[in-house]
Amino acid sequence: MPVHDGSGYFPAPPPRVIAHRGLALEAPENTLLAFGKAVAVGVQHLETDVHASTDGVAIISHDSSLTRVAGRDVRVNQLTAAELHRVDLGGGQNFVTLAEALDAFPGARFNIDVKVDEAIMPTVEAIRSTRATHRVLVTSFSDARRRRTIAELPGVATSSASANTAALLAVSRLGLRPALRRLLARIDAVQVPEVWRSVRIVTPAFVRKVQSAGVEVHVWTVNDPSDMARLLDLGVDGLVTDRADLAIPIVRARTSNR
């Protein structure tokens, strides 16, 4: 089982359910309503994404533009936080700042994907202002961006950038344990898809080798209950899912027998 530094992000042993953009079945994704619905079914870990408004505020949004979620041909970084707050996302919801979300759910852990370089310092400031360093995990598809962010937040949990997945897979398959440990230095979790471009990443050997370095393996995005059960049987530590309502009972059934 992975060993952690006690930062507070992993308060209990795995497996854990990580609600992808909240629970957006009857709520717009990445909104306070979606996060609240996830927490209501028992989720402790909320996955989300951060961009920056034109006035330098960390805004929760997966996309860089409003096209998909609000039908508007404008980018997040072209509007102020106040203007974004007035955008109707449906269900009485609007864009919220990262600080607002952290304040709204003080008992939750947030898995934060920093989407753009402009969001680095706004994200750092939001985490600092809410004193939430102990309950966030910072990641990014860009390893340089991830490193720049965590450098400003000593002790924060972090996951390996997706850009490093190919290297992790290669060294794990070659059995290069020293190289694997170097790649996983200062990493708390590896968050990967089960299969990427026809290449299978998550195998029993991959899980075992990553965990032997004291690092958790989280798989995204897992929505089918049979896949959830199969991956848990493989020994993965976390399921990143749009269906936290389905994943929570599966995990609880397993942990209740401990």
Flag the pair [X] / [Y] as yes when at least one side-chain heavy-atom distance between them is below 4.5 Å, and no otherwise.
{"X": "Asp63", "Y": "Lys115", "result": "no"}
{"X": "Trp220", "Y": "Ile18", "result": "no"}
{"X": "Ile120", "Y": "Arg145", "result": "yes"}
{"X": "Arg16", "Y": "Glu216", "result": "yes"}
{"X": "Pro225", "Y": "Ile250", "result": "yes"}
{"X": "Asn30", "Y": "Ser61", "result": "no"}
{"X": "His218", "Y": "Ser159", "result": "no"}
{"X": "Ile112", "Y": "Thr149", "result": "no"}

Measure up the His45 and Tyr9 rings against each other and bin them: parallel (under 30°), tilted (30 to 60°), perpendicular (over 60°). perpendicular
Verify same cluster id: [X], [Y] (apolar side-chain graph, 4.5 Å):
{"X": "Val240", "Y": "Ile248", "answer": "yes"}
{"X": "Leu32", "Y": "Val87", "answer": "no"}
{"X": "Leu183", "Y": "Phe141", "answer": "no"}
{"X": "Val222", "Y": "Val207", "answer": "yes"}
{"X": "Val195", "Y": "Leu169", "answer": "no"}

Under the side-chain contact (heavy atoms from CB on, under 4.5 Å) rule, what do Ser212 and Arg177 come out as? Steps first, then yes or no, please. CA-CA 9 Å; Ser212 72; Arg177 293 188 66 180; 4.1 Å; yes
Between [X] and [Y], what is the shortest heavy-atom contact and its length?
{"X": "Val202", "Y": "Pro193", "value": "CG2-O, 3.8 Å"}
{"X": "Phe35", "Y": "Ala101", "value": "CE1-CB, 4.3 Å"}
{"X": "Arg181", "Y": "Ala213", "value": "NH1-CA, 3.5 Å"}
{"X": "Ala99", "Y": "Ser129", "value": "CB-OG, 4.4 Å"}
{"X": "Ala19", "Y": "Ala244", "value": "CB-CB, 4.2 Å"}
{"X": "Leu23", "Y": "Asp242", "value": "CD1-O, 3.5 Å"}

Is a side-chain donor-acceptor pair under 3.5 Å present for Asp103 with Thr130? no
Among Leu84, Leu79, Thr80, which residue meets the side chain to side chain contact (heavy atoms under 4.5 Å, CB included) test with Thr54? Thr80
[atom1] of [X] to [atom2] of [Y]: how many Å apart, nearest 0.5 Å?
{"X": "Arg21", "Y": "His62", "atom1": "CZ", "atom2": "NE2", "value": "4.0 Å"}
{"X": "Ile127", "Y": "Leu153", "atom1": "CD1", "atom2": "CG", "value": "5.0 Å"}
{"X": "Leu184", "Y": "Gln211", "atom1": "CG", "atom2": "CD", "value": "11.5 Å"}
{"X": "Ser64", "Y": "Asp49", "atom1": "OG", "atom2": "CG", "value": "11.5 Å"}
{"X": "His85", "Y": "Thr97", "atom1": "NE2", "atom2": "OG1", "value": "7.5 Å"}
{"X": "Thr221", "Y": "Gln191", "atom1": "OG1", "atom2": "CD", "value": "10.5 Å"}

Using 4.0 Å as the upper bound for N to carboxylate O, is an ion pair formed by Arg230 and Asp227? yes
Taking only Lys NZ, Arg NE, NH1 and NH2, and the carboxylate oxygens of Asp or Glu, determine whether Arg72 and Asp88 approach each other closer than 4.0 Å. no
Trace of the side-chain contact (heavy atoms from CB on, under 4.5 Å) decision for Arg243 with Leu25: CA-CA 8 Å; Arg243 295 303 306 266; Leu25 296 181; 3.6 Å; yes
Within the side chain of [X], is there an N or O that forms a donor-acceptor pair under 3.5 Å with the backbone of [Y]?
{"X": "Arg135", "Y": "Phe110", "value": "no"}
{"X": "Arg109", "Y": "Gly8", "value": "yes"}
{"X": "Asn77", "Y": "His51", "value": "no"}

Just do the side chain to side chain donor-acceptor pair (under 3.5 Å) check on Thr241 and Asn223 with the steps written out, would you? CA-CA 6 Å; Thr241 179; Asn223 295 331; 3.1 Å; yes
For [X], does the [atom1] atom have more than 12 heavy-atom neighbours from other residues, nucleotides or ligands under 6.0 Å away?
{"X": "Arg131", "atom1": "CZ", "result": "no"}
{"X": "Asp73", "atom1": "CG", "result": "no"}
{"X": "Arg128", "atom1": "CZ", "result": "yes"}

Working for side-chain contact (heavy atoms from CB on, under 4.5 Å), residues Phe10 and Asp188: CA-CA 9 Å; Phe10 296 110; Asp188 298 278; 3.9 Å; yes
Show, in sequence, the C-alpha distance, side-chain angles and deciding distance for Asp233 and Arg254, and conclude whether the salt bridge (charged side-chain N to carboxylate O under 4.0 Å, His left out) test is met. CA-CA 10 Å; Asp233 287 342; Arg254 290 169 178 254; 2.9 Å; yes
Yes or no on side-chain contact (heavy atoms from CB on, under 4.5 Å) for Val171 and Lys209, after CA distance, side-chain angles and deciding distance? CA-CA 10 Å; Val171 299; Lys209 289 173 183 177; over 6 Å; no
